[in-house]
Protein chains: 2
Amino acid sequence: MVSLSLSILEQPARYHRFRYETEIAGGKLGGLLYGRSGSKSCVRLTLRGADPAVCRTVIVIGGTISPDGYPHPFYMHGDSCESGAFQWRRDITAADVGKEIEICLEKVSLVCVPHGGSSGKLQKAIKRREDIQFNPFNKKISEMKYTSRNVRELRLVFQAYYIDLNGKTVPCKGAIAQTEVISDIKFQTKLEIEEAHPSEGYVHAKQQEMWLYFKDALPHTDASQYNAFLDFEGEQIVQCKVLWLKKQLMSITIPSLRGSALPEGSATADRIECSIRIVDLKSDVAAEHEFYLSRSCTLCNSLTEPAHKRSRCSPSNGGQPETEIAVISLPASDSVEVKTEN
Amino acid sequence: MVSLSLSILEQPARYHRFRYETEIAGGKLGGLLYGRSGSKSCVRLTLRGADPAVCRTVIVIGGTISPDGYPHPFYMHGDSCESGAFQWRRDITAADVGKEIEICLEKVSLVCVPHGGSSGKLQKAIKRREDIQFNPFNKKISEMKYTSRNVRELRLVFQAYYIDLNGKTVPCKGAIAQTEVISDIKFQTKLEIEEAHPSEGYVHAKQQEMWLYFKDALPHTDASQYNAFLDFEGEQIVQCKVLWLKKQLMSITIPSLRGSALPEGSATADRIECSIRIVDLKSDVAAEHEFYLSRSCTLCNSLTEPAHKRSRCSPSNGGQPETEIAVISLPASDSVEVKTEN
DNA sequence: CCGATGGGAATTCCCCCTTT
DNA sequence: AAAGGGGGAATTCCCATCGG
């Protein structure tokens, strides 16, 4: 009784840059698939249950499938790949009994096909993929509708086969493993502040508008999709308001900090260190940027507020007591509300 | 003796958005070619010398050529167009003698073909264009190398033919007219400031950095390709320094205005109106944006400089005399130099 | 030198808005 | 509602750079 089993030892990177056929022409690879663990790790499988008493050779085939299990038009290319599929084989010896065999996808890249326009290349690729006849979940590719939206996500599926003592190749129905979803790297949320203006704020200013320029186009165009904070050491957090967005630019308002308890440690410093933090609420990805608050006006150098050891609360705030941790949130208005975390 | 002549009465718009075949499928037009005079004007020709005594009918054919006169793969489509060429015909009567006949290209669009990639569509289009056999300058299209760079510029060329009294169609060698170059609209320099931050400066500030966000990607990536000015009424101009550029963002420095003569008219106003002007030195295209200089500090409201009727020159400037028209240029350093135009 | 990578330019096409 | 205009997304490809 053959009881091979196959499992994913290392998942592939969540995001991948697929390469086009034109990019890997001439013996090149490019777009190598890496494992999730590190920069140049690789996807690895574990094969168990190999026994020469019942099987001479184990073959593991790997191919692309959609997240739903339908054969996928993108294909594998590189070491141990043939006809767009990964093909691994190994003769089993007595030494393998009871051991785990590790299969490593080295130098394997995932190749995409044009799926827009009217070239029909996607259709041809679907046909090719069907012709491979590697379909562990037995799903009809013709029932799957590949669109530019969903075609850029796939899984890899692997199945073990063995050559029995009679020389017959037999699929192991139980020895199937699929990876988690690999998505086009373009789907990855990028949020990185490249520059902020002004680079220094004035601690006693009433309200300050800041511009944040991002390295990449912002993932959403709606200001409500983001939260903005000013983080101080000592866990003080001031919520800012996102005013508007441009393609690569965000405008936020820092509320008046008059009356808020600024960090103890920096009371004597000429300027207070803090950082601006923008959170994409949808993906939960955040960007940070260092920022400073000066005790003197950055424009005219005047010191309208006392700049002694510790500035007293501004009278306009009614002299609220200083708290250890304060969250000042600016709802939708100009007013400032001070909350105290327990 | 037939002596037809043909001339361009109205040149086409310098920039044009060519449409792809896929965009004009289904009886649509799109990408209409307009004349240079106005929004919906059209390209017009003048035909002279038509005389029924020698010709029964005049035919005018128009087609695309490269700026050098070689047949061009893009083609004409729409009213009076056939096989990619404009084809106009008119029977000549006695009333036409001595008159100018105006030919108007209404509802004619210019269609482009994919010229990148490996689809070979450009080659096919070149073949098609050659097959039309409309080649007034008799240039071999095979000698022309169309690349993605040069293919997006073309001229239209028109030639008159006539049907003589024997019913024979004869080309008029002298009656040829070509338009000026029509370029892809993407070649048009766009420079428009969408927002500026801060929106208001402080007249007594030492030096102010400003961010300008443009509606489109900047045409160059090198700061030296631009000049920046602050324009006041009364022709006062202050040169600013372009610090750096991002894709859609420019950072400039307004030099200290202390000691410069600000406009008379606005001496009493709370804030001084002016405008920021960015000039693309290569194309000479400029963008303007309104700006204000406040007499009180925009951050802390203080009035470190006297805010009386007319502020005296700051001592740091040695009390230079105020001039009617002053150009302050900021070369590459922090220092300010005051020039006086005669 | 070559192959791989990442960035971004160039190209093509989709689709919404405006106008008729 | 349909056509045309315009913006910009999606796709493909090119290339400078990096590391072996």
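- DNA chain D is contacted by both A:T221 and B:K107; B:K107 maps to the nucleotide lying nearer its 5′ end (nearest heavy atom per residue).
- Judged as a ring-ring contact (aromatic ring centres under 6.0 Å, His included), and not counting sequence neighbours, the contacts of B:Y226 are B:H220.
- A:H220 has its NE2 atom 18 Å from the C1' atom of D:dG8, to the nearest Å.
- Distance B:F18 CZ to C:dC13 P: 16 Å, rounded to the nearest Å.
- Between B:L218 atom CG and C:dA9 atom P the separation is 12 Å, expressed in whole Å.
- Computed from coordinates, the A:R152 CZ to D:dA10 C1' distance equals 7 Å when rounded to whole Å.
- Going from atom OH of B:Y20 over to atom C1' of D:dG4 covers 18 Å, rounded to whole Å.
- Not a single ring-ring contact (aromatic ring centres under 6.0 Å, His included) links A:H77 to another residue, sequence neighbours left out.
- By the side-chain hydrogen bond (donor to acceptor under 3.5 Å, both in side chains) test, A:W88 pairs with no residue at all, sequence neighbours left out.
- Listed by chain and number, the residues in a disulfide (SG to SG under 2.5 Å) with A:C42 are A:C104 (sequence neighbours excluded).
- Taking side-chain N and O atoms only, A:S148 has a distance below 4.0 Å to OP1 or OP2 of D:dT11.
- Regarding B:K121, its NZ atom lies at a distance of 8 Å from the P atom of C:dT12, rounded to whole Å.
- Expressed to the nearest 0.5 Å, how far CD1 of A:I8 lies from CD of A:E180 amounts to 9.0 Å.
- Pairs passing the salt bridge (Lys or Arg N to Asp or Glu O under 4.0 Å) check and including a residue from residues 181-196 of chain A, sequence neighbours excluded, read A:R152-A:D184, A:K190-A:D216, A:E192-A:K215, A:E194-B:K246.
- Comparing the end axes of the helix from C:dC1-D:dG20 to C:dT20-D:dA1, each fitted to five base pairs by superposing C1' atoms of four pairs onto the next four, gives an inter-axis angle of 10° (nearest 10 degrees).
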Output a table of nitrogen or oxygen pairs between the protein and nucleotides 5-8 of chain C separated by less than 3.5 Å.
residue : atom : partner : partner atom : Å
C:dT5   : OP1  : A:Y34   : OH           : 2.2
C:dT5   : OP2  : A:G31   : N            : 2.9
C:dT5   : OP2  : A:L32   : N            : 3.3
C:dG6   : N7   : A:R17   : NH1          : 3.3
C:dG6   : N7   : A:R19   : NH2          : 2.7
C:dG6   : O6   : A:R19   : NH1          : 3.4
C:dG7   : N7   : A:R17   : NH1          : 2.8
C:dG7   : O6   : A:R17   : NH1          : 3.4
C:dG7   : O6   : A:R17   : NH2          : 2.5

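- With sequence neighbours left out, the ring-ring contact (aromatic ring centres under 6.0 Å, His included) criterion links B:H197 to A:H197, A:W211.
- Remark: the B:Q11 side chain and the B:T179 side chain contain no N/O donor-acceptor pair separated by less than 3.5 Å.
- Listed nucleotides: D:dT11, D:dG4, C:dT12. Nearest to the side chain of B:H115: C:dT12.
- Computed from coordinates, the B:L110 CG to D:dG4 C1' distance equals 15 Å when rounded to whole Å.
- Going from atom CZ of A:R149 over to atom C1' of C:dC14 covers 12 Å, rounded to whole Å.
- By the salt bridge (charged side-chain N to carboxylate O under 4.0 Å, His left out) test, B:K127 pairs with B:D131, sequence neighbours left out.
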